Amino acid sequence: MVEHGRKMINLNADVAIIGGGPAGLAAAISAHENGAKNVIVLDRNSWLGGILPQCIHDGFGVEETGTSMTGPEYAEMYIKAARKKGINFMNETMVLQFDKNRKIIAVNKKGLHEIKAKSIVLAMGCREKTRWNIMIPGDRPSGIYTAGVAQAFINLYNIMVGKNVVILGSGDVGLIMARRLKFEGANVLGVVEILPYASGLPRNVVQCLDDYDIPLYLNHTVTYVKGKERLESVTIAQVDEKMNIIPGTEREIKCDTLLLSLGLIPENELSKNVKIELDDLTGGPIINQSFETSLSGVFACGNCLQVYDTVDTLSMDAKVAGENAAKKSVKQNKFINVKAGKGIRYVVPQRINEPGKIHFTLRVEKPCESPTLHVISDGIELLKKKLPWANPANTVEFDIDISAEVVKYKDLEVILDD
Amino acid sequence: MKNFHVAIIGGGVIGSAIAWELSKYKVNTVVFEMGSDVASGMTKANSGVIHSGINSATDSLKARFCVEGNKMLQSLSKQLGFPLKMVGKYVIAKNEEETKELERLIKIGEDNEVPGLEIKDGSEVKRKEPNVPCYKALWVPTAGIMQPYEFTIALAENAAINNVNFLLETKVKNIQKKGDNFLIKTNKGEFQSQIIVNAAGLNCGEIVSMLEEPDFNVYPCRGEYLVLDKNYSNLINSMIYPVPPKELGVLGVHITPTIEGNILLGPSAEFIDDAEEKRTTKEMMKTLFNEAKEIIPTLPEKAVINAYSGIRCKLASPKEGGWADYRIEESKQTPGLINLLGIESPGLTGAPAIAKEITRMISKSIELKTKTDFKTRKIIKKRFAEMTAKEQSDLIKKDERYGRIVCRCEHITEAEIIQALSNPIGAQTLSSVKYRCRAGMGRCQGGFCTQHIVRIMEEQFKIDVNKMKLKSPDSNLFDGRTR
Ligand SMILES: Cc1cc2nc3c(=O)[nH]c(=O)nc-3n(C[C@H](O)[C@H](O)[C@H](O)COP(=O)(O)OP(=O)(O)OC[C@H]3O[C@@H](n4cnc5c(N)ncnc54)[C@H](O)[C@@H]3O)c2cc1C
Ligand SMILES: Cc1cc2nc3c(=O)[nH]c(=O)nc-3n(C[C@H](O)[C@H](O)[C@H](O)COP(=O)(O)OP(=O)(O)OC[C@H]3O[C@@H](n4cnc5c(N)ncnc54)[C@H](O)[C@@H]3O)c2cc1C
């Protein structure tokens, strides 16, 4: 380490990875395996594994390894593998910014660091939506937590957040917390979901709610919260197909705690800061088939790219991102777009600039039975695939061989016929 | 029992400004505040506007204190280290009819000696404010913005380091006059004082009624606001007001930038029965948005990220039109009781001038000798996030806790959190931390930093988790340990 005039601590890296959650760890290992010697992982937490240490339930790693692990066990598997390879970790180190030349400014208790990286992998994870993302009116009492914050308090700090709990939103974190709170002796009065179906994985609805007789109120939302100091009650009401509240269906539920499981937002303030192009639909950077963003030499993976269903597919994708980060970046000037057409919420990657076998991930707009997926380029159908069912809670994945011909000039469109 | 010369009831901006003014003198002062921090009442939830004085009738106390306070605030900002910005305001007229209102305002303003007032053409306004179409507008250069709680915290903490006692979570429940002294009963014991300053905001009537029959009523009037995301801060550069509605003695829904770069839409005006009904409602959120859209037609709905409300303490009922002057006077019936009644807008602006007036009133019965060891401390220091790389490096060398970022959205360090929790008035709620160093004010609304602040409270300040609070005495955060 060299100190110079501005008193920065200077470092160099072949691959610098921002975020040491499962995505960052998987990318680091794979970058190292693919020839990057000097790999640095930067994470602001004092631990590695990102959000996983607080996910003490099992179900992690089934697709990837065939065995079901808890979050901490799954993380440990990657941390061990990374340590064996001699990857450098810098914990309690917050990345404040990086620039177009891939110069990272980070801070920790030793001081400010300037890290020049040949390539960067973004793996910052995501944050949770709050009360104000959906503007719930009423008072501003204590006792309103996002599900992930409640999970951290309970699982990492052994602190109980409340006794009588209503959960708004049926995302996976909310479902898992319903069961967790029940284990800890709280009354879980119900899970309220505005959509006509649960937004978490079907297996979580069964294992976390049905098995514990916790009611799920579909087509319902919280319309009001009351409590001058601590939460005293919430009002829930039924909604119609257009999600308008049906007058007369309001019902007050006495409770001291409201958990919000309203969905996750990819964390991309650093990306915005260097004007990396973001996709409004995923909330993450627009990438090509190599996971490279619109800024050459900067790659993205994990939940800051798109919110994944399971950590298994997330890690597998992150490995590809790490591998590409270790290789040279491809020239970006010519590319075709991949468009989300009818019935599709989003598709990743959003751009292609090299022919070959390409792996796509998408989410559909609404649940449907036996729909057909079409991938079309300039009127020609490249793929037609019948799906048994489709649900926004589960991503759909498929591969296509994209010819050099297609990549030259024709955008792709993905549509779903139900 | 503790004896004081002066007991101030209420740690809002008014009580805190008076406490600070008195702390310059050798006088033993106490502030009773029932909330868990100063700035818990009206002072927390308002527009944060430094008014110029064009809206209050000439010769009223409101006009006098507003104009005086406005002048004092700029030097106080430098002295005490709270930020303010004199961004100016436009009062916009949509047509010839409304332009007459502007002329009326200019007349009042000039009588009140407000400088620099000018009527501008719509085209000229458009150049400065491209998103605000109008026919004509009154330009008011001496209007500004600040964060009311930062100002109040600066006053209170400076008063505290000059030996004013702040007793938080201490509610005055009963007062008796015993000879020349007042006997004050609170939930934290009994106290005595020679003088009582009633700066209890919405509760001013309740305090008076502990000693005598009040000859006035307080009419609570709720004002709701919407907050816009910082990404939309360039929608406006100055404050934009409509011409004031005729009734209610309010200024109408206006658009106000904040020091932090958000924008406020509001406030509404709705008389309510219970002064505690500090809620936001779906209907009003819609109304506010629509009224603001009349001013900025391109206002995007997705810009709204938060809502809150504040309650005005009006002395005039809706029937009487909602406008009444302040009453700042010593009770004739109960000598030694100094009342501040109906201190609604522009009370924030007027606070420093009002504090001087109260000090003059007190000096009539207590000799006020200047302290020689009066200290001033800039409360809101430059934030770590706003420093140069060199300044940051130097600080981390001195104290490694500056190298640990606790609030990731606003880049607040562990050292800053610890300073906030070590404040001289002993406020230790999550909101106290937020208002002192902005941790938890960002995009994630505390999603990440809350757990770290809680850990610091527990490990370094030995606060029991069951006693940790969001903002007020009964706003507990937790319910014990897990099994
Ligand atoms: C509350 C919550 C609960 C979840 N529960 C489950 C579950 O039960 N099962 C499941 O499969 N998935 C769960 N998920 C999804 C989970 O996010 C993913 O499975 C996985 O942890 C995501 O991995 P990641 O590496 O992308 O992000 P993370 O695990 O979030 O890791 C990102 C890391 O980046 C660091 N970071 C971010 N910005 C910076 C910066 N500027 N400087 C330095 N470091 C930075 C963060 O501190 C963090 O350690 C949950 C998510 C959340 C938010
Ligand atoms: C919607 C709205 C918008 C406004 N906009 C502006 C503006 O833009 N510019 C401006 O200059 N002014 C504005 N004002 C006015 C300004 O907010 C007030 O004039 C000012 O905050 C009054 O301060 P205060 O200290 O008198 O009252 P408060 O802040 O209410 O303080 C009174 C304190 O007394 C405490 N208290 C009450 N009873 C007891 C008791 N029994 N024992 C102990 N403590 C007690 C309360 O907890 C409270 O903290 C606005 C007001 C409102 C409501």
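Chain letters run A, B, ... following the sequence lines, proteins first and then strands; every chain starts at 1. Source: prediction; values computed, not measured.
- Under the 4.5 Å side-chain criterion, counting only non-hydrogen atoms from C-beta, A:T223 is not in contact with B:K282.
- With chain A as the partner, the residue from B:M285, B:M284, B:K278, B:H452 showing the most heavy-atom pairs under 4.5 Å is B:M285.
- Annotation: cation-pi pair A:R44/B:F448 present, NZ/CZ under 6.0 Å from the ring centroid and within 45° of its normal.
- Between A:N108 and B:R404 there is no side-chain heavy-atom pair separated by less than 4.5 Å.
- A salt bridge does not link B:D479 with A:R230: none of the charged nitrogens is closer than 4.0 Å to a carboxylate oxygen.
- Both the backbone and the side chain of A:L96 come within less than 4.5 Å of a heavy atom of chain B.
- Other residues, nucleotides and ligands place more than 12 heavy atoms under 6.0 Å from the CG atom of B:D464.
- Contact tally against chain A (heavy-atom pairs below 4.5 Å) for B:N306, B:I396, B:V304: the top residue is B:N306.
- Nearest heavy atoms, B:P473 versus A:E229: N-OE1, 3.4 Å.
- When the shell of 6.0 Å around NZ of B:K293 is examined, it contains more than 12 heavy atoms from other residues, nucleotides or ligands.
- Contact of A:N91 with chain B is not made at all, since no heavy-atom distance falls under 4.5 Å.
- Only the side chain of B:V454 has a heavy atom closer than 4.5 Å to any heavy atom of chain A.
- Under the 4.5 Å side-chain criterion, counting only non-hydrogen atoms from C-beta, B:Q392 is not in contact with A:V107.
- Checking side-chain atoms of A:R140 against main-chain N and O of B:S309 turns up no donor-acceptor pair under 3.5 Å.
- Between A:R131 and B:Q445, every side-chain heavy-atom pair lies at or beyond the 4.5 Å cut-off.
- Neither the backbone nor the side chain of B:L395 comes within contact range of chain A; no heavy atoms are under 4.5 Å apart.
- Around NZ of B:K286, the count of heavy atoms belonging to other residues, nucleotides or ligands within 6.0 Å does not exceed 12.
- Of the listed residues (B:K302, B:R401, B:R408), the greatest number of heavy-atom pairs within a distance under 4.5 Å of chain A belongs to B:R408.
- Around the CD atom of B:E301, the shell of radius 6.0 Å holds no more than 12 heavy atoms that belong to other residues, nucleotides or ligands.
- Heavy-atom pairs under 4.5 Å with chain B were tallied for A:E128, A:E267, A:K226, A:K163; the largest tally goes to A:K163.
- Using a 4.5 Å heavy-atom cutoff, the side chains of B:Q451 and A:I159 are not in contact.
- The distance from the CD1 atom of B:I405 to the OG1 atom of A:T93 is 10.5 Å, given to the nearest 0.5 Å.
- The distance from atom CH2 of A:W132 to atom CD1 of B:I305, rounded to the nearest 0.5 Å, is 10.0 Å.
- Proximity to chain A (any heavy atom under 4.5 Å) is restricted, for B:D394, to the side chain, taken from C-beta onward.
- Here the closest non-hydrogen pair linking B:D274 and A:K228 is OD2-NZ, 3.6 Å.
- Ranked by heavy-atom pairs under 4.5 Å with chain A, the first of B:T413, B:L430, B:D474 is B:D474.
- Looking at B:S472, the atoms closer than 4.5 Å to chain A (heavy atoms on both sides) sit in the backbone and in the side chain alike.
- Annotation: side chain of B:L477 is not in contact with side chain of A:F153 (no heavy-atom distance under 4.5 Å).
- A donor-acceptor contact shorter than 3.5 Å links the side chain of B:R483 to the backbone of A:F183.
- Contacts of A:E269 with chain B are made by side-chain atoms alone, with heavy-atom separations under 4.5 Å and no backbone atom involved.
- Taking NZ from A:K110 and OG from B:S393, the interatomic distance works out to 14.0 Å, rounded to the nearest 0.5 Å.
- Inter-residue side-chain proximity for A:Y157 and B:E458 is flagged as unmet; no heavy-atom pair is nearer than 4.5 Å.
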